[in-house]
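Note that ligands are numbered from 1 as they come in the structure, with each ligand's atoms numbered from 1 the same way.
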Amino acid sequence: MSARSGLYKSPDQLRAMVRPGLVTAAALDAVRDAIQVGVSTLELDAIAEKVIRDSGGIPNFQLEPGYRHTLCTSINDAVVHGVPSELRIAAGDIVSIDCGAAVDGWNGDAAFSLVVPDPARPELVARREALNTATERSLWAGIAALATASVVNDIGAAVEASIEGSGEYGIIEDFAGHGIGRSMHEDPEVYNFRVRGGSPKVKPGLAVAIEPMITLGSIETHELADGWTQVTDDGSDAAHWEHSVAVHADGLWVLTAEDGGAAGLAPFGVVPVPIRAL
Ligand code: MG
Ligand code: MG
């Protein structure tokens with residue numbers, strides 16, 4: 001659809017990625033506010049699309065061949081790529097919302113998960129909350145690693161170490177993070193686990209979407225008959241978090257967080273630095 005950009009962006013190219021990142025963040029905020037028991041995932045999709053279009057952006061998931069939606073909505077055993085539908089959110093669901101926006105030909109991509117309250121099933125909710133917290137923490141560990149990483153594969157090592165420190169969880173290997181720029185999906189692949197072998201250097205200009213996908217059980221997945229939704233083989237719950245992050249000469253900046261990642265990175269002693277205006 002759109003041209004790919006190079007592995008290392010120029011300062012002005014990184015600058016161009018700030019706006020799509022913030023539009024993506026705003027769409028996700030609006031969806032987060034709207035999630036409640038009884039809302040359909042198609043209704044959430046419409047909310048996200050309106051935020052992006054009102055901001056002058058394009059829902060970039062719609063640029064994927066054959067995909068008509070703004071979000072991927074992956075519930076419970078769905079890991080990623082769940083398709084919005086008439087399905088309504090239920091109490092206790094663990095819901096992953098993945099969204100992206102393109103603005104002026106540059107892309108943002110981010111995701112969060114949350115557990116819908118269910119007072120009748122406190123143990124289920126606690127188990128899912130722990131999974132969700134571990135997944136979010138591993139995302140921030142991966143982002144924080146970028147501050148000192150020498151190569152891209154250092155990110156996955158940090159994600160895996162974080163998950164190991166959180167408990168007995170499965171790290172999905174069938175899907176990975178990715179470079180991002182003029183296209184939503186570019187090189188390099190960004191694994192969520194330790195990988196042998198070489199990978200590109202981390203240096204100014206690198207822009208990557210980091211997105212750990214973590215389960216309570218099997219790491220094996222399969223696709224549903226809709227041709228998109230990826231579910232765990234054993235039906236275990238999954239969580240998914242994602243941010244698009246830029247490395248620049250002065251530091252790193254989380255493009256899809258309104259605070260540039262300040263809150264999420266604080267526990268790691270990493271302070272994000274805004275990409276300087278031209
Ligand atoms: Mg995404
Ligand atoms: Mg992504």
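Considering CD of Glu220 and NE2 of His222, their distance stands at 11.5 Å, rounded to 0.5 Å.
Of the charged side-chain nitrogens involved, at least one lies within less than 4.0 Å of a carboxylate oxygen, so that Arg276 and Asp250 count as a salt-bridged pair.
Of the candidates Glu223, His240, Gln230, Glu64, His81 forms a side chain to side chain contact (heavy atoms under 4.5 Å, CB included) with just one, namely Gln230. A side-chain hydrogen bond (donor to acceptor under 3.5 Å, both in side chains) with Ser5 is found for exactly one of Glu186, Gln13, Arg182, namely Glu186.
The nearest N, O or S atom of Asp109 is closer to the Mg ion (ligand 2) than 2.8 Å. His178 lies close to the Mg ion (ligand 2), since one of its N, O or S atoms is found at a distance under 2.8 Å. Because the distance cut-off is set at 2.8 Å, Glu211 fails to qualify as a neighbour of the Mg ion (ligand 1), as none of its N, O or S atoms comes that close.
Of all heavy-atom pairs spanning Leu252 and Ile143, the tightest one is CD2-O, 3.7 Å.
Residue Glu242 approaches the Mg ion (ligand 2) most closely through its N/O/S atom OE2. In terms of distance to the Mg ion (ligand 1), the nearest N, O or S atom of Asp98 is named OD1.
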